[in-house]
Amino acid sequence: MAGCGGLALLLAALLGSAWARRSQDLHCGACRALVDELEWEIAQVDPKKTIQMGSFRINPDGSQSFVEVPYARSEAHLTELLERVCEQMKEYGEQADPTTHRKNYIRVVSRDKRANEPDMESIRIDGDIRASLKFACESIVEEHEDELIEFFSRETDNVKDRLCSKRTDLCDHALHISHDEL
């Protein structure tokens, strides 16, 4: 009977490990998709469009100080995007790497609503995957809103790696994997 307890313990450890890896893959994929969606949304804004930012304080002369900043990367615009960006997760599917069996998430609907042309046979698309990805995205936005606004308020290179791997550790397993593989 002692052998059954050891087998049950081994099975529980394996299932726990698989669940942890699945959760890590999901959160990493959600972070990377979130960054892609935010970068695309920011790029759609006319670079000439600005917004006045300033203080509510009144200067001694009775005037207020305002400064014009690019709208696309303004805190107001980024906050608005963060409120709705996770809805885009419904346009993603799950793909398992045939070698590592790690899951990654790719956009399966192009921005103009046509199906993308990736190998659709290897991509799982269902409501559970999309709901899980959306929930993970919402969790990331809630937990890391300040970091997201900080990173996107100024143009930075490699936001995916810097935010998803180095800053939040959501993709710590992916530091050595190129962008194309994720």
Side-chain angles (χ1 to χ4, degrees), residues 20-59 63-95 97 102-112 116 129-182:
R21 187 174 73 187
R22 164 93 175 120
S23 177
Q24 184 182 41
D25 289 351
L26 177 67
H27 283 86
C28 176
C31 185
R32 296 179 74 78
L34 172 64
V35 169
D36 282 343
E37 293 301 321
L38 288 171
E39 286 177 338
W40 188 83
E41 289 283 347
I42 289 168
Q44 299 313 298
V45 176
D46 181 354
K48 295 176 188 165
K49 186 174 181 179
T50 60
I51 186 172
Q52 283 188 343
M53 301 293 290
S55 167
F56 290 106
R57 292 183 182 169
I58 305 292
N59 296 330
S63 65
Q64 285 182 291
S65 298
F66 291 103
V67 66
E68 296 270 329
V69 297
Y71 176 72
R73 294 188 179 274
S74 69
E75 186 172 343
H77 183 237
L78 294 172
T79 300
E80 177 188 317
L81 289 178
L82 290 174
E83 289 175 7
R84 60 182 168 83
V85 70
C86 293
E87 292 298 321
Q88 300 305 315
M89 298 302 117
K90 68 181 181 241
E91 298 180 354
Y92 283 75
E94 180 183 83
Q95 185 175 44
D97 182 287
R102 294 210 79 122
K103 309 287 186 212
N104 61 61
Y105 299 86
I106 59 172
R107 184 174 253 286
V108 294
V109 178
S110 68
R111 302 260 193 261
D112 60 4
N116 274 348
I129 290 169
R130 290 173 171 173
S132 296
L133 195 59
K134 181 180 179 219
F135 182 76
C137 177
E138 290 168 345
S139 298
I140 292 166
V141 168
E142 184 176 322
E143 188 173 335
H144 301 286
E145 182 174 4
D146 292 339
E147 286 99 335
L148 287 162
I149 290 173
E150 176 189 333
F151 271 83
F152 284 100
S153 65
R154 49 193 161 81
E155 293 186 46
T156 58
D157 294 329
N158 300 323
V159 174
K160 259 186 220 176
D161 286 338
R162 293 180 64 210
L163 182 68
C164 298
S165 296
K166 295 175 183 162
R167 184 72 169 262
T168 64
D169 290 331
L170 292 168
C171 297
D172 60 350
H173 73 282
L175 284 172
H176 65 284
I177 300 173
S178 72
H179 287 292
D180 295 340
E181 292 181 41
L182 290 176

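For this chain, numbers begin at 1 and follow the sequence in order. Keep in mind it's a predicted model, so treat the numbers as computed, not measured.
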Starting at [atom1] of [X], measure out to [atom2] of [Y] and round the result to the nearest 0.5 Å.
X	Y	atom1	atom2	answer
Gln24	Cys171	CD	SG	8.0 Å
Lys134	Ser139	NZ	OG	11.5 Å
Ile106	Arg32	CD1	CZ	13.5 Å

With the side chain counted from C-beta on, respond yes when [X] and [Y] share a heavy-atom pair under 4.5 Å apart, and no when they do not.
X	Y	value
Gln95	Val108	no
Ile149	Arg73	no
Asn104	Asp25	no
Phe152	Val35	yes
Leu148	Leu78	no

Exercise. Can you sort out the partners of Phe135 under ring-ring contact (aromatic ring centres under 6.0 Å, His included), two or more places apart, ordered by chain and number?
Key: none
Quiz item: Quick one: side-chain hydrogen bond (donor to acceptor under 3.5 Å, both in side chains) pairs with a partner in residues 141-152, sequence neighbours left out?
Solution: Glu150-Arg154, Glu150-Arg167
Might you point out which heavy atoms bring [X] and [Y] nearest each other, and give the distance in Å?
X	Y	result
Arg162	Phe151	CB-CE2, 3.7 Å
Gly29	Tyr105	CA-CD1, 3.7 Å
Glu138	Cys86	N-SG, 3.4 Å
Ala136	Ala30	CB-CB, 3.7 Å

Practice problem: Would you list the pairs meeting salt bridge (charged side-chain N to carboxylate O under 4.0 Å, His left out) in which at least one residue belongs to residues 34-45, sequence neighbours left out? | Solution: Asp36-Lys160, Glu37-Arg107, Glu37-Arg111, Glu41-Arg84
Could you pull out every donor-acceptor pair under 3.5 Å between side chains of residues 42-50 and any protein atom, sequence neighbours left out?
residue, atom, partner, partner atom, Å
Gln44, NE2, Trp40, O, 3.3
Asp46, OD1, Lys48, N, 2.9
Thr50, OG1, Glu68, OE1, 2.4

Practice problem: Report the residues that fulfil side-chain contact (heavy atoms from CB on, under 4.5 Å) with Cys31, sequence neighbours left out, ordered by chain and then residue number. | Solution: Ile140, Cys164, Leu170
Quiz item: Partners of Ala76 by side-chain contact (heavy atoms from CB on, under 4.5 Å), sequence neighbours excluded?
Solution: Ile51, Ser74
Exercise. Under the side chain to side chain contact (heavy atoms under 4.5 Å, CB included) rule, what do Leu82 and His77 come out as? Steps first, then yes or no, please.
Key: CA-CA 9 Å; Leu82 290 174; His77 183 237; over 6 Å; no
